[in-house]
Amino acid sequence: MRLSLAFLIVLPCLALADCPPLDPQNELRSRLLANLSAAPTEEASLPIAAELWRLWLIAPDEQAQDMLDTGMRRREMYDFDGAETILTALTKYCPDYAEGWNQRAFARFLRQDYNGALTDLDEALRLSPDHIAARSGKALTLMGLGRMDEAQGVLRDALALNPWLPERRFLIEEEDDGEKL
């Protein structure tokens, strides 16, 4: 699919613009993470996880928001190349916005570019260590690379933040002596 003409004009101009700092909403995010890790049921976890996603998907400004939304729409339309192009522009425009890296990683993961996805996920987690979706995405990416032991550790870290993640089905339980069941 073709990128829209507007993006072909806007992308080169991004180097001239500055991305404003993102309001990290640390207090709200910390409270949501605490509530999520303590959620007694999957059903109780869903609105908390949805609120975290709402926070993650707030870009630093309108231009970044448009790029994020367009990149995600392209990905949903299976235009992974277009999504990656737009999300690459977002990561260049707003290099400190973790969700830009996470969304580009998802587009790369869907193309089975696991090494590229892993690089992006590491950057997202450097910027936002408690980003549950980036952690679970990293676990799935490591599985795609055949790095199962490492993936299990990352998945356990993600499940410590949200024990109700759908990816919990990939967890390999261990016996008390450390052997896998």
Side-chain angles (χ1 to χ4, degrees), residues 1-4 7 10-11 14 19 22 24-25 29 32-33 36 45-46 48-61 63-148 150-171:
M1 291 186 188
R2 295 182 350 207
L3 289 177
S4 69
F7 269 103
V10 170
L11 291 178
L14 291 178
C19 180
L22 179 66
Q25 301 185 32
R29 195 175 69 217
L32 289 168
L33 286 165
L36 187 57
S45 76
L46 295 176
I48 303 166
E51 182 62 13
L52 272 172
W53 267 112
R54 187 191 68 75
L55 290 178
W56 290 328
L57 293 172
I58 297 172
D61 68 6
Q63 182 174 318
Q65 191 70 57
D66 287 344
M67 286 188 279
L68 178 68
D69 295 343
T70 302
M72 290 172 60
R73 272 194 309 276
R74 293 277 182 185
R75 187 195 67 230
E76 290 166 4
M77 296 183 323
Y78 301 95
D79 177 10
F80 303 133
D81 290 335
E84 187 172 340
T85 298
I86 293 165
L87 294 168
T88 295
L90 176 58
T91 62
K92 287 180 180 178
Y93 174 60
C94 294
D96 294 331
Y97 178 46
E99 193 56 35
W101 296 97
N102 185 53
Q103 290 297 324
R104 187 173 76 172
F106 189 27
R108 287 177 167 181
F109 176 86
L110 292 171
R111 291 177 50 217
Q112 297 183 340
D113 175 7
Y114 299 129
N115 289 313
L118 188 59
T119 299
D120 287 350
L121 291 164
D122 284 340
E123 183 62 16
L125 289 167
R126 184 188 69 76
L127 294 166
S128 183
D130 58 7
H131 196 302
I132 299 165
R135 282 203 184 281
S136 62
K138 182 174 179 175
L140 295 174
T141 301
L142 289 166
M143 288 177 197
L145 289 167
R147 295 162 56 181
M148 298 307 284
E150 190 178 354
Q152 290 295 303
V154 173
L155 182 55
R156 280 185 172 71
D157 291 343
L159 290 169
L161 296 169
N162 179 0
W164 303 106
L165 283 172
E167 292 84 359
R168 70 185 184 272
R169 70 182 183 269
F170 298 117
L171 186 65

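In this text, all values refer to a predicted model and were calculated from it rather than measured experimentally. We're numbering straight along the sequence, starting at 1.
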Note: Arg73-Asp79 ion pair, threshold 4.0 Å (strictly below): no

For Gln63 and Asp66, does a side-chain donor sit closer than 3.5 Å to a side-chain acceptor? no

What one should report as the nearest heavy-atom pair of Cys94 and Ala64 is SG-CB, 3.8 Å

For the atom pair CG (Leu140) and CG (Leu118), what is the distance rounded to the nearest 0.5 Å? 12.0 Å

On a heavy-atom basis, the closest approach of Ala133 and Trp53 is CB-CZ2, 3.3 Å

With a 4.5 Å heavy-atom cut-off, do Leu22 and Asp96 have their side chains touching? no

Which pair of non-hydrogen atoms, one from Leu161 and one from Asp130, has the smallest distance, and what is that distance? CD1-O, 3.9 Å

For Asp61 and Tyr97, test the side chains for any donor-to-acceptor distance below 3.5 angstrom and give the result as yes or no. no

Closest contact, heavy atoms only, Arg135 versus Val154: O-CG1, 3.2 Å

Do side-chain atoms of Ser128 reach the backbone of Leu125 as a donor and acceptor pair under 3.5 angstrom? no

Decide side chain to side chain contact (heavy atoms under 4.5 Å, CB included) for Gln152 and Met143; before the verdict, give the C-alpha distance in whole Å, the side-chain angles of both, and the deciding distance to 0.1 Å. CA-CA 9 Å; Gln152 290 295 303; Met143 288 177 197; 4.0 Å; yes

If you measure from CD on Gln65 to CG on Leu90, what distance do you get to the nearest 0.5 Å? 9.0 Å

Backbone of Met67 reached by a side-chain donor or acceptor of Thr70 within 3.5 Å: no

If you measure from the Lys or Arg side-chain nitrogens to the Asp or Glu carboxylate oxygens, is any gap between Glu123 and Arg126 under 4.0 Å? yes

Residue pair Trp101, Leu121: steps toward the side chain to side chain contact (heavy atoms under 4.5 Å, CB included) verdict: CA-CA 7 Å; Trp101 296 97; Leu121 291 164; over 6 Å; no

What closest approach, in Å, do Asn102 and Ala134 show between heavy atoms, and which atom pair accounts for it? OD1-CA, 3.4 Å

Flag the pair Arg111 / Phe106 as yes when at least one side-chain heavy-atom distance between them is below 4.5 Å, and no otherwise. no

Look at the side chain of Arg168 and the backbone N and O of Leu165, then say whether any donor-acceptor pair between them is shorter than 3.5 Å. yes

Could you walk me through whether Asp81 and Arg74 pass salt bridge (charged side-chain N to carboxylate O under 4.0 Å, His left out), step by step? CA-CA 8 Å; Asp81 290 335; Arg74 293 277 182 185; over 6 Å; no

To the nearest 0.5 Å, what is the distance between CG on Asp122 and CG on Leu127? 11.0 Å

To the closest 0.5 Å, what do you measure between CD (Glu51) and CG (Leu36)? 11.5 Å

As an exercise, state the distance from OG1 of Thr91 to CD of Glu99, rounded to the nearest 0.5 Å. 12.5 Å

How long is the span from the CD atom in Gln25 to the CD1 atom in Ile58, to the nearest 0.5 Å? 5.0 Å

Given the rule in the side chain to side chain contact (heavy atoms under 4.5 Å, CB included) test, do Leu32 and Leu55 qualify, once you have shown the distances and angles that lead to the verdict? CA-CA 10 Å; Leu32 289 168; Leu55 290 178; 3.7 Å; yes

For the residue pair His131 and Trp56, does the interplanar ring angle fall in the parallel (under 30°), tilted (30 to 60°) or perpendicular (over 60°) class? parallel

Tell me which one of Thr141, Asp120, Thr119 satisfies side-chain hydrogen bond (donor to acceptor under 3.5 Å, both in side chains) with Arg108. Asp120

Does the pair Ile132 and Leu33 meet the rule for a side chain to side chain contact (heavy atoms under 4.5 Å, CB included), with working shown? CA-CA 9 Å; Ile132 299 165; Leu33 286 165; 3.6 Å; yes

Carboxylate-amine/guanidinium contact Arg104 Glu84, below 4.0 Å: no

